[in-house]
Amino acid sequence: KSLQVVREIFRQQTLMYERKIHSIPGRIVSLSQPRVRPIVRGKSGSPVEFGLKFSMSVVNGYSFIDRMSWEPYNESEDLQKQVEKYKKLHGFYPKSVHADKIYMTRANYQYCKSRNIRLSGIRLGRFKKIADKLEKQQIRQDAKDRIAIEGKFGQGKRRFGLDEIKTKLSNTSQTSVSMIILAMNLEKKLIDFFVFMFFWAKKQIHLVFLRYRPKIFGVKFSHSMVK
């Protein structure tokens with residue numbers, strides 16, 4: 001297998017040298033992991049990234065992996081599939097979808113509009129000043145709600161090692177990512193459980209307090225006794 005990879009690397013490099021180009025489809029950049037492709041992100045400090053690329057959606061704080069690929073792809077193609085997956089899981093379409101600017105394509109707008117789904121963000125076309133105060137508030141609130149998905153990626157990288165996967169095989173790398181997302185969902189479930197128990201206990205204490213309140217406050221204290 002390594003010999004085949006070396007031959008393919010030599011073929012690609014020779015072709016780029018002869019044609020005087022710097023990129024080629026399916027370019028191999030790692031001998032031990034030939035499936036890894038360079039992904040141009042355009043970020044400051046790391047314009048090109050390497051590794052597994054996956055699309056993720058967040059529903060009520062829980063994360064769902066919708067697509068995994070070692071090849072670069074356009075994320076905007078996943079929105080309609082993600083919405084249909086949501087409908088299949090819950091039985092109805094979501095009220096709104098909060099996505100990044102790359103998802104703001106005309107096809108996605110038409111798709112969401114035909115199903116009475118509000119796609120967050122500024123509409124396509126020539127920029128015009130937004131005079132409606134309610135629309136401004138809605139756009140601002142949509143931007144705040146979209147922080148949830150960005151926060152999930154940050155949580156996975158900072159606390160669960162999503163950006164430090166050391167596995168070599170394709171299957172083990174995908175399994176590692178899936179296990180990290182599973183651990184994040186279990187933590188979310190645990191937090192929801194403790195929050196539920198807290199409010200349940202608070203309600204029970206309040207009911208007990210109401211039940212015995214006449215006996216507690218039925219005694220009249222004098223000023224001297226309080227001292």
Side-chain angles (χ1 to χ4, degrees), residues 33 35-37 39 41 43 46 49-104 108 111-112 115-121 138 140-204:
Q33 301 182 59
R35 63 186 178 277
V36 176
R37 300 288 180 266
I39 302 175
R41 301 289 293 173
K43 297 180 180 179
S46 57
E49 296 179 351
F50 304 89
L52 178 64
K53 184 176 182 179
F54 66 95
S55 298
M56 184 174 70
S57 57
V58 176
V59 180
N60 296 329
Y62 293 92
S63 306
F64 299 88
I65 298 177
D66 300 306
R67 182 179 180 183
M68 283 187 177
S69 176
W70 294 97
E71 298 287 342
Y73 64 89
N74 192 341
E75 298 93 326
S76 63
E77 302 172 355
D78 296 337
L79 186 137
Q80 299 181 19
K81 297 178 182 178
Q82 291 170 326
V83 173
E84 292 297 334
K85 183 179 178 181
Y86 178 93
K87 182 180 183 298
K88 184 179 180 181
L89 182 63
H90 298 277
F92 52 87
Y93 286 109
K95 182 179 179 181
S96 61
V97 176
H98 307 271
D100 200 357
K101 290 183 179 180
I102 195 173
Y103 291 88
M104 307 302 173
N108 288 337
Y111 171 84
C112 293
R115 288 159 178 79
N116 198 22
I117 302 173
R118 189 182 78 255
L119 184 58
S120 65
Q138 185 65 65
R140 190 178 299 110
Q141 184 62 41
D142 288 342
K144 293 180 180 179
D145 294 338
R146 202 183 67 82
I147 295 176
I149 183 65
E150 300 293 344
K152 283 297 179 180
F153 280 105
Q155 179 187 9
K157 291 179 180 180
R158 292 193 306 271
R159 298 181 54 189
F160 293 89
L162 189 60
D163 59 343
E164 297 180 356
I165 297 177
K166 306 298 184 180
T167 52
K168 295 292 185 180
L169 300 179
S170 176
N171 294 335
T172 52
S173 298
Q174 296 179 9
T175 303
S176 298
V177 173
S178 301
M179 293 298 293
I180 289 174
I181 301 302
L182 175 62
M184 293 168 58
N185 287 334
L186 290 176
E187 184 185 57
K188 168 64 177 168
K189 191 69 175 180
L190 187 62
I191 293 174
D192 290 344
F193 173 75
F194 279 113
V195 170
F196 169 79
M197 293 299 298
F198 172 78
F199 284 103
W200 179 84
K202 183 178 179 181
K203 182 179 180 180
Q204 297 301 317

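Owing to the predicted nature of the structure, the values given are computational and were not obtained by experimental measurement.
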Colleague: Does a side-chain heavy-atom distance below 4.5 Å link Arg115 with Lys87?
Modeller: no

Colleague: If I take atom CD1 from residue Ile180 and atom CG from residue Asp163, how far apart are they, to the nearest 0.5 angstrom?
Modeller: 8.5 Å

Colleague: Closest heavy-atom contact between Val36 and Trp70?
Modeller: CG2-CZ3, 4.1 Å

Colleague: Do Asp100 and Arg146 come close enough that some side-chain heavy atom pair is under 4.5 Å?
Modeller: yes

Colleague: Between Ser63 (side chain only) and Val58 (backbone N and O only), is there a donor and an acceptor less than 3.5 Å apart?
Modeller: no

Colleague: Quick check: do Leu162 and Met184 have side-chain heavy atoms less than 4.5 Å from each other?
Modeller: no

Colleague: Might you point out which heavy atoms bring Leu79 and Ala99 nearest each other, and give the distance in Å?
Modeller: CD1-CB, 4.3 Å

Colleague: Is Leu119 close to Tyr111 at the side-chain level, that is, under 4.5 Å between some pair of heavy atoms?
Modeller: no

Colleague: What pair of heavy atoms forms the shortest contact from Pro72 to Arg37, and how long is it?
Modeller: CD-CB, 4.0 Å

Colleague: Taking all heavy atoms of Asp142 and all of Ser120, pick out the closest pair and write down the distance.
Modeller: CB-CB, 3.5 Å

Colleague: Just verifying a value: how many Å separate His98 NE2 and Lys144 NZ, rounded to the nearest 0.5 Å?
Modeller: 13.0 Å

Colleague: How about CG on Asn116, more than 12 heavy atoms from neighbouring residues, nucleotides or ligands closer than 6.0 Å, or not?
Modeller: no

Colleague: Which residue pairs pass the salt bridge (Lys or Arg N to Asp or Glu O under 4.0 Å) test when at least one of the two sits in residues 189-203, sequence neighbours left out?
Modeller: Lys188-Asp192

Colleague: Out of curiosity, Glu164 CD to Arg158 CZ, how far, rounded to the nearest 0.5 Å?
Modeller: 13.0 Å

Colleague: List the steps, then state whether side chain to side chain contact (heavy atoms under 4.5 Å, CB included) holds for Tyr103 with Val97.
Modeller: CA-CA 10 Å; Tyr103 291 88; Val97 176; over 6 Å; no

Colleague: Grab the two heavy atoms, one from Ser176 and one from Thr167, that are nearest each other, plus how far apart they are.
Modeller: OG-CG2, 3.6 Å

Colleague: Check the orientation of Phe54 and Phe153. Use parallel for under 30°, tilted for 30 to 60°, and perpendicular for over 60°.
Modeller: tilted

Colleague: Rounded to the nearest 0.5 Å, how far apart are CD of Gln174 and OG of Ser69?
Modeller: 9.0 Å

Colleague: Do Phe50 and Gln33 have side chains that approach each other closer than 4.5 Å (heavy atoms only, starting at C-beta)?
Modeller: no

Colleague: Quick test of your reading: applying salt bridge (Lys or Arg N to Asp or Glu O under 4.0 Å), list the pairs with at least one residue in residues 50-61, sequence neighbours left out, ordered by first then second residue.
Modeller: Lys53-Glu75

Colleague: Is there side-chain contact between Tyr93 and Glu84, with heavy atoms separated by less than 4.5 Å?
Modeller: yes

Colleague: Taking the side chain as C-beta and beyond, is there a heavy-atom pair between Lys152 and Gln155 under 4.5 Å?
Modeller: yes

Colleague: For the backbone of Lys81 and the side chain of Asp66, can you confirm whether one donor and one acceptor N or O come within less than 3.5 Å of each other?
Modeller: no

Colleague: Taking all atoms of both residues into account, what is the closest heavy-atom pair of Lys85 and Ile65, and its distance?
Modeller: NZ-O, 3.2 Å

